[in-house]
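Letters go in sequence order (proteins before strands), and every chain restarts at 1.
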Number of protein chains: 2
Amino acid sequence: MGGSSETGYAAKHTSSAASQATLNTDKLEEVRKLFTAHLENKGLRKTGERYAILEEIYARSGHFDVEELYVGMKERGLQVSRATVYNTLDLLVEQGLVSKHQFGRNLAQYEKSYGYRQHDHVICTECHKVVEFCDPRIHGIQTMVGELLNFHILHHSLNLYGICGDCRAQAAARSSATPA
Amino acid sequence: MGGSSETGYAAKHTSSAASQATLNTDKLEEVRKLFTAHLENKGLRKTGERYAILEEIYARSGHFDVEELYVGMKERGLQVSRATVYNTLDLLVEQGLVSKHQFGRNLAQYEKSYGYRQHDHVICTECHKVVEFCDPRIHGIQTMVGELLNFHILHHSLNLYGICGDCRAQAAARSSATPA
DNA sequence: ATCTATGCAAAGTTTTTGCAGCACG
DNA sequence: CGTGCTGCAAAAACTTTGCATAGAT
């Protein structure tokens, strides 16, 4: 059982917030349309702020919290208030264009989620690294539990908590450095 | 597809905090011993407050938050401060005698977890009802992902979010009550 | 007797809310 | 034009922290 990823099972992601906006233009366009449709559906207003927030989110990679998003927008010269950020995030989460996670630290983390393969997370409890993975069995569980308990399941969140290889290696190195 | 529970797959639990302490005496004794061992192991003090908190937790059924635990203890005439509750909960979670959950509302929820079958949760996003279920496949996923990504997995948390039958029924009743 | 854990309250974080004014429809 | 959305800041909600004191070892 080598660590070879025959199936592209998972991929690490570091939280670099580079600006690779060019490649994502098409996807952004799709998402804008979906958001517009949602707003019209619910009779909500299509304000510049809402679209600015959506775009900032889709320009980001990886997870982020409200403060990071807010600061990121300020740095790009986009003026919005925190209240609007919270408000719009709720809308986007409700629609499923963004997903919200609550890992250990009680600080909500968000992530864009349209057109990305549904995935779950492994969290290192030592260094707080987050790695993503996919497993098709989860979908089966979701369907089965929904039927059995008569719930209309909309989404799920599976987090595995443990210690990553790096941290275990560091711990081992540290303990082997302490012999008499 | 009847809702019959052939396998005892899941059980609803309401948050009644009845005092059925008599039956749980044996279990409580075990837990006290484990906690004592843990405290001795880490060179921590065995204070009355810590045991009082442990007992309050094991006298409860279902989920609770810090405030509920704190108030519950006050009502029983047990005097502890919130700081000590937080402190002790951390110890218990670390040891695995209590598990901590973060459902949507960022309010940490806790639950006793020694000697109870490992289970996961379905949460109704309308009424916030929580139902528990077990599925053996999750263990398999946990093992597989741990091996593939070289994590030493310690625990997991799977939450399914959706709308329960009751809330769907209510919604249906409401919409059928609005015709001209 | 020592040194840690407790208790209280104050500070810190994160999120929510109220009200005036602007802007979407 | 009217109502909903934004922005600001104040408040709420939850958790953590500092310091004096009581208590476990």
- Query: Would you say the side chain of D120(B) lies within less than 4.5 Å of the side chain of I141(A), judging by non-hydrogen atoms?
  - Reply: no

- With DNA chain D as reference, determine whether L44(A) or T47(B) sits nearer its 5' end, using the nearest nucleotide of each. L44(A)

- Nucleic acid contacts - residues 78-86 of chain B versus DNA chain D, non-hydrogen atoms under 4.0 Å: A83(B), Y86(B)

- Message: Below 30° counts as parallel, above 60° as perpendicular, anything between as tilted: where do the rings of H121(B) and H119(B) land?
- Response: perpendicular

- What are the 5'-most and 3'-most nucleotides of DNA chain C lying under 4.0 Å from any heavy atom of chain A? dT14(C) to dG25(C)

- Message: Without decimals, in angstroms, what is the distance between K46(A) NZ and dT3(D) P?
- Response: 20 Å

- Between OH of Y51(B) and C1' of dA24(D) the distance, given in whole Å, is 12 Å

- Message: When you compare the side chain of V130(A) with that of V122(A), does any pair of heavy atoms fall below 4.5 Å?
- Response: no

- K46(B)/E40(B) ion pair, N-O < 4.0 Å: yes

- Message: Hydrogens and angles aside, do H156(A) and Q142(A) bring a side-chain donor and acceptor to less than 3.5 Å of each other?
- Response: yes

- Starting at atom CD of E68(B), determine the distance to atom C1' of dC14(D), rounded to an integer number of angstrom. 13 Å

- Task: Round to a whole Å and report the spacing from CZ of R50(A) to P of dT6(D).
- Result: 4 Å

- Message: What's the separation between atom CZ in F151(A) and atom CZ in R168(B), rounded to the nearest 0.5 Å?
- Response: 8.5 Å

- May I ask you to say what N87(B) touches in the nucleic acid, namely base, sugar-phosphate or nothing, with a heavy-atom cut-off under 4.0 Å? sugar-phosphate

- Hydrophobic cluster membership, I163(B) vs F103(B), 4.5 Å side-chain cutoff: no

- Task: Please report, rounded to the nearest Å, how far the C1' atom of dC5(D) is from the NZ atom of K42(A).
- Result: 15 Å

- Here the distance between atom C1' of dT6(D) and atom CD1 of I53(A), to the nearest Å, is 10 Å

- Query: What is the distance from CE of M73(A) to C1' of dT6(D), rounded to the nearest Å?
  - Reply: 13 Å

- Ignoring hydrogens and angles, state whether a donor on the side chain of Y51(A) or T36(A) is under 3.5 Å from an acceptor on the partner side chain. yes

- Query: For F64(B) and dC14(D), what is the distance between atoms CZ and P respectively, to the nearest whole Å?
  - Reply: 15 Å

- Which word best sums up how the rings of Y58(A) and Y116(A) line up, parallel for under 30°, tilted for 30 to 60°, or perpendicular for over 60°? tilted

